[in-house]
Amino acid sequence: MLIATFNINGIKARIDALPRWLTTAKPDVVCLQEIKSVDASFPREMFEDMGYRVETHGQKGFNGVAILSRLPLEDVTRGLPGDETDEQSRWIEATVMAPRPVRVCGLYLPNGNPAPGPKYDYKLAWMARMETRLRALLALEEPFLCAGDYNVIPQAQDAAKPEAWETDALYLPQTRQAYRRILNLGLLDAFRARVQGPGHYSFWDYQANAWERNNGIRIDHLLLSPQAADRLTGAGIDREVRAGDKPSDHVPVWVTLED
DNA sequence: ATGACTCATACAATGAGA
């Protein structure tokens, strides 16, 4: 089973690039971030015609997440628990009904810039809420994974120029500490379980020829519960997508699990 | 470097992204 995450930076803007990648990569499940669309405006028929179920959690203009799946989905929930006043659409969950079901969480973790400030406070509070949700999921001792745009550069090797990010919300010590707290619950960074060393990125800024200079960062991650990690057979980054026509600034990151 | 580029909203200029 191939499960991917892809921050598409606007579903309308990626109306050609996303189907192109789906046709090439043939993922079974895709968590999308930054659909930048309300649910009613999402072009669901296009993806249904390609064989995908479509579950969205959108909002007007910004943010928004979705799950596309060739396999049936059950128990779909929208929103990260823990703050009834939070109106930002950044979290969706569904159980993928394979022979051995997998709970999939799709997430778009807040950017947090500028830091310090209220946006950074929101990021850290959101990460604390995520940690609480993951404790509840881990207690079930079932396979699950969290796929999305974490807006976290975990280590220096995950940036081409780590020194340029030292005061940025994606790389501040408090950010990396909060991310490690989540990992240390017992989750596995699937990509790092399979691929070592620097030079592996999932985002390149549109500005200053970042792609041509390979000035990237690795911020899109798939974290696996122990029961999902036991089934991990592969992981990768589809970096060539960044060189396509009208690309997102992110590329897909994926894992394969034993069925 | 309050930069650059892209997207959405709205139809000009601005906010947000990372």
Side-chain angles (χ1 to χ4, degrees), chain A residues 5-21 31-43 56-66 86-91 106-124 126-127 130 147-176 178-179 198-221 237 239 241-253:
Chain A
T5 177
F6 190 4
N7 180 323
I8 54 173
N9 188 16
I11 184 60
K12 284 184 187 171
R14 232 53 65 203
I15 205 66
D16 294 323
L18 177 56
R20 190 189 315 140
W21 172 72
C31 296
L32 300 176
Q33 301 87 41
E34 286 207 87
I35 63 173
K36 296 187 178 182
S37 160
V38 295
D39 295 337
S41 302
F42 191 90
T56 60
H57 181 41
Q59 71 177 83
K60 187 177 180 180
F62 307 105
N63 306 324
V65 290
D86 186 359
E87 296 182 342
Q88 300 191 32
S89 297
R90 297 179 174 275
W91 183 273
L107 66 116
Y108 177 42
L109 202 150
N111 175 304
N113 281 304
K119 291 189 174 183
Y120 193 58
D121 295 341
Y122 175 70
K123 177 174 193 159
L124 293 178
W126 200 97
M127 293 178 83
M130 179 172 170
D149 177 358
Y150 282 69
N151 273 312
V152 173
I153 303 167
Q155 297 182 285
Q157 66 173 345
D158 298 309
K161 298 180 179 179
E163 65 282 1
W165 297 91
E166 281 175 359
T167 62
D168 192 283
L170 278 62
Y171 191 61
L172 281 172
Q174 248 188 308
T175 304
R176 287 184 279 157
Y179 180 77
H200 303 285
Y201 312 127
S202 66
F203 168 91
W204 295 260
D205 202 297
Y206 288 124
Q207 303 182 72
N209 296 115
W211 167 247
E212 288 76 8
R213 298 166 187 259
N214 197 25
N215 180 15
I217 51 178
R218 191 177 72 94
I219 57 175
D220 299 273
H221 310 301
I237 300 175
R239 75 187 313 276
V241 171
R242 186 65 176 79
D245 289 338
K246 284 212 70 179
S248 172
D249 40 8
H250 296 250
V251 296
V253 183

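To find a chain, count down the sequence lines: A is the first, B the second, and so on, and within it residues start at 1.
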Look at all strands and tell whether [X] reaches a base, only sugar-phosphate, or nothing, counting heavy atoms closer than 4.0 Å.
X         : answer
Asp220(A) : nothing
Lys123(A) : nothing
Asn63(A)  : nothing
Asn209(A) : nothing

Any residue meeting salt bridge (Lys or Arg N to Asp or Glu O under 4.0 Å) with Asp158(A), in chain and number order, not counting sequence neighbours:
Arg192(A), Arg218(A)
Checking Asp16(A) now: which residues fulfil salt bridge (Lys or Arg N to Asp or Glu O under 4.0 Å) with it, not counting sequence neighbours?
none
Please check this pair: side chain of [X] against backbone of [Y], looking for a donor-acceptor N/O pair closer than 3.5 Å.
X         : Y         : answer
Thr175(A) : Val152(A) : no
Gln33(A)  : Cys31(A)  : yes
Arg90(A)  : Leu107(A) : no

Nearest-angstrom distance, [atom1] atom, [N] to [M]:
N       : M       : atom1 : value
dC7(B)  : dA12(B) : C1'   : 16 Å
dA10(B) : dA16(B) : P     : 14 Å
dA13(B) : dA1(B)  : P     : 28 Å
dA8(B)  : dA18(B) : P     : 14 Å

Over all heavy atoms of both residues, which pair between Asp149(A) and Thr5(A) is shortest? Give the atoms and the distance, please.
N-OG1, 4.3 Å
Can you name the nearest heavy-atom pair linking Ile8(A) to Arg14(A), along with the distance?
O-NE, 2.7 Å
How would you summarise protein contacts on nucleotides 3-14 of chain B per nucleotide, using B for base, S for sugar-phosphate only and - for none, with heavy-atom distances below 4.0 Å?
-BBSSSS-----
Is there a side-chain contact between [X] and the phosphate of [N], meaning an N or O under 4.0 Å from OP1 or OP2?
X         : N       : answer
Tyr108(A) : dA16(B) : no
Asn111(A) : dA18(B) : yes
His250(A) : dG17(B) : no

In whole angstrom, give the distance that lies between atom [atom1] of [X] and atom [atom2] of [N].
X         : N       : atom1 : atom2 : result
Gln33(A)  : dG17(B) : CD    : C1'   : 14 Å
Leu109(A) : dA18(B) : CG    : P     : 10 Å
Ile8(A)   : dG17(B) : CD1   : P     : 16 Å
Gln88(A)  : dG17(B) : CD    : C1'   : 13 Å
Phe203(A) : dA16(B) : CZ    : P     : 17 Å

Base-pair map of DNA chain B as dot-bracket, where | denotes pairing with a different strand and pairs are Watson-Crick or G-U under 3.5 Å
....(((((...))))).
Which class fits the ring pair His221(A) and Tyr179(A): parallel under 30°, tilted 30 to 60°, perpendicular over 60°?
tilted
Partners of Trp165(A) by ring pair (Phe, Tyr, Trp, His ring centres under 6.0 Å), sequence neighbours excluded?
none
Which residues satisfy the side-chain contact (heavy atoms from CB on, under 4.5 Å) test with Ser89(A), sequence neighbours excluded?
His57(A), Gln59(A)
